[in-house]
A.B. asks: 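I am attaching a structure below and will ask some questions about it afterwards.
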Number of protein chains: 2
Amino acid sequence: MVTTLEVTDVSAGVCCAPLVHEPLSTVDAERLAHTMKALADPTRLRLLSIVAASEGQEACVCDLTEPVALSQPTVSHHLKILTEAGFLSRSKRGTWAYYALVPERLDEVARTLLAGSHTGV
Amino acid sequence: MVTTLEVTDVSAGVCCAPLVHEPLSTVDAERLAHTMKALADPTRLRLLSIVAASEGQEACVCDLTEPVALSQPTVSHHLKILTEAGFLSRSKRGTWAYYALVPERLDEVARTLLAGSHTGV
DNA sequence: ATCAAACATCGATGGTTGTCAATATCGAGT
DNA sequence: ACTCGATATTGACAACCATCGATGTTTGAT
């Protein structure tokens, strides 16, 4: 049984775009918007949360098709978008493709949005 | 001079949707996606960041049209979407409409996305 | 070598969305 | 009352996107 681990290109990192501290450059805004677009769909959010709540925070396509009640091609399409945005990683084991959560990526985006309000402190 | 302060409906709060701890319900996913959609456009992200970087974290439409190089109706349209999503508040002073950042809302969304990875700590 | 299962890709389609010009509304000053 | 300046709304259009069925590709098993 062969195990292939594919690492997605996350070089277009949004790591250090403050959003709230200084005006975003056109290219930074474009990059961040592309990242947020991956999270701006209810199906993709559900897929993310289902994967995150699964054993080892990973799941194969066959486990995901039924919960979201969509066709397999559609699910594959969404998983590809989430993977390209860096929120999931793909590893193939046998005929199955396992998608795993990349929590650091979610945290990275969360930090980008932080505005530093002192809510109820 | 009359000052009107409008408070936007944020009752559709995404406050306590964990995203990473348990599968999102259909309705929660729908709500969160709607919120993320407001942040999934480069123009809106630039508008947000420009407002956030302005004096008192607020700006009027006339100050925003030129930086983004778009028509006034288009800018008003984007500001409306950001306001309805709770990221901006609108207060009218005279003929001018001032849009101010709501940092708590950004932090709220950021917390929703947090996955709790221990990146390089 | 062949077959079946899991997944990806392709092409098409209906719905959504960002943009603008034109128009409407609203407030301040004359 | 009238005008002007700032903003919101409307209608239209092109580009984008989520979805599906059909098909292609890869892998393990017979």
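Sequence lines set the chain letters: A, B, ... in the order given, protein chains first and strands last, and positions in each chain run from 1.
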A.B. asks: Check the distance between dA18(D)'s P and L39(A)'s CG and give it to me in whole angstrom.
C.D. replies: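 It works out to 12 Å between those atoms.
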A.B. asks: OP1 or OP2 of dC20(C) versus the side-chain N and O atoms of T74(B): is any pair under 4.0 Å?
C.D. replies: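 Indeed, a polar side-chain atom of T74(B) lies that close.
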A.B. asks: Check whether R44(A) reaches the backbone of H78(A) with its side chain - one donor and one acceptor, N or O, closer than 3.5 Å.
C.D. replies: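 Looks like no, no N/O pair under 3.5 Å.
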A.B. asks: By nearest atom, which of the nucleotides dG18(C), dT9(C), dA18(D) is closest to the R44(B) side chain?
C.D. replies: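 Within the option list, the nearest is dG18(C).
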A.B. asks: Which nucleotide in the list dT19(C), dT7(D), dT9(C) gets nearest to the side chain of L70(B)?
C.D. replies: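 Among dT19(C), dT7(D), dT9(C), the one nearest the side chain of L70(B) is dT19(C).
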A.B. asks: Whole angstroms only, please: what is the CG-P distance between L82(A) and dC7(C)?
C.D. replies: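 In whole Å, dC7(C) P and L82(A) CG are 16 Å from each other.
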A.B. asks: Kindly write out the residues that satisfy side chain to side chain donor-acceptor pair (under 3.5 Å) with T43(A), not counting sequence neighbours, or none if the list is empty.
C.D. replies: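 If we apply the side chain to side chain donor-acceptor pair (under 3.5 Å) test to T43(A), skipping adjacent residues, there are no hits.
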A.B. asks: With respect to the side chain of A97(B), which nucleotide from dA8(D), dG18(C), dT19(D) is positioned closest?
C.D. replies: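 Given the options dA8(D), dG18(C), dT19(D), the side chain of A97(B) is closest to dA8(D).
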A.B. asks: Is any side-chain N or O of Y99(B) closer than 4.0 Å to OP1 or OP2 of dA8(D)?
C.D. replies: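 Affirmative; the distance criterion is met.
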A.B. asks: Where each residue is assigned the nucleotide of DNA chain D containing its nearest heavy atom, which of V75(A) and K37(A) is assigned the position nearer the 5′ end?
C.D. replies: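 Nearest-nucleotide comparison on DNA chain D picks K37(A).
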A.B. asks: Please report, rounded to the nearest Å, how far the P atom of dG5(D) is from the CH2 atom of W96(B).
C.D. replies: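 In whole Å, dG5(D) P and W96(B) CH2 are 11 Å from each other.
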A.B. asks: To the nearest angstrom, how far is D41(A) atom CG from dT17(C) atom C1'?
C.D. replies: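 After rounding, the reported distance stands at 14 Å.
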A.B. asks: Rounded to whole Å, please give me the gap between CD in Q72(A) and P in dC10(C).
C.D. replies: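 To the nearest whole Å, that distance equals 14 Å.
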A.B. asks: Could you identify which residues of residues 45-66 of chain B place a heavy atom less than 4.0 Å from some atom of DNA chain D, listed by residue number, or say none?
C.D. replies: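 Within this stretch, C60(B), V61(B), C62(B) sit under 4.0 Å of the strand.
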A.B. asks: Any Lys/Arg nitrogen of R90(B) or E84(B) sitting under 4.0 Å from an Asp/Glu carboxylate oxygen of the other?
C.D. replies: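 Salt bridge: no.
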A.B. asks: If we count only N and O atoms by modelled type, under 3.5 Å, do the side chains of E30(B) and T26(B) hold a donor and an acceptor together?
C.D. replies: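 No, because no side-chain N or O of E30(B) sits under 3.5 Å from a partner of the opposite role on T26(B).
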A.B. asks: When you measure from the side-chain N and O atoms of K80(B) to the phosphate of dT9(D), is any distance below 4.0 Å, counting only OP1 and OP2?
C.D. replies: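 Affirmative; the distance criterion is met.
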A.B. asks: Looking at the side chain of T95(A), which of dT27(D), dC7(C), dA8(D) is the nearest nucleotide?
C.D. replies: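 Given the options dT27(D), dC7(C), dA8(D), the side chain of T95(A) is closest to dT27(D).
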A.B. asks: Pick the closest DNA chain C nucleotide for H77(B) and for P73(B) by heavy atoms, then say which residue is nearer the 5' end.
C.D. replies: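 Result of the comparison: H77(B).
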A.B. asks: For dT19(D) and T43(A) - does any side-chain N or O of the residue sit under 4.0 Å from the phosphate oxygens OP1/OP2?
C.D. replies: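 For T43(A), the contact criterion (side-chain N or O under 4.0 Å from OP1 or OP2 of dT19(D)) is met.
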A.B. asks: Determine yes or no for a side-chain-to-main-chain donor-acceptor pair under 3.5 angstrom, with S54(A) supplying the side chain and I50(A) the backbone.
C.D. replies: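 Judged by distance alone, yes, a pair lies under 3.5 Å.
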A.B. asks: Just do the side chain to side chain contact (heavy atoms under 4.5 Å, CB included) check on S76(B) and V61(B) with the steps written out, would you?
C.D. replies: CA-CA 7 Å; S76(B) 280; V61(B) 182; 4.1 Å; yes
A.B. asks: Nearest whole angstrom, please: distance from the P of dT19(C) to the CG of L79(B).
C.D. replies: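 One finds 12 Å between P of dT19(C) and CG of L79(B), rounded.
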A.B. asks: Measure NE2/H78(A) against P/dC17(D) and give the value in whole Å, please.
C.D. replies: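 Rounded to the whole Å, the gap is 12 Å.
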A.B. asks: Mind calculating the distance between NE2 (H34(A)) and C1' (dC17(D)) to the nearest angstrom?
C.D. replies: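 Atom NE2 in H34(A) sits about 12 Å away from atom C1' in dC17(D).
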A.B. asks: Would you check, one step at a time, whether the test salt bridge (Lys or Arg N to Asp or Glu O under 4.0 Å) holds for R111(B) with E108(B)?
C.D. replies: CA-CA 5 Å; R111(B) 282 196 303 272; E108(B) 185 181 356; 5.7 Å; no
A.B. asks: Output yes when at least one side-chain N/O atom of R93(B) is less than 4.0 Å from OP1 or OP2 of dA6(D), else no.
C.D. replies: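 For dA6(D), neither OP1 nor OP2 has a side-chain N or O of R93(B) closer than 4.0 Å.
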A.B. asks: Is the backbone of L24(A) close enough, under 3.5 Å, to the side chain of S49(B) for a donor and an acceptor to pair up by distance?
C.D. replies: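 Answer holds: yes.
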A.B. asks: Of the candidate nucleotides dT9(C), dC20(D), dG18(C), which contains the atom at the shortest distance from the side chain of S76(A)?
C.D. replies: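 Comparing dT9(C), dC20(D), dG18(C) against the side chain of S76(A), the answer is dT9(C).
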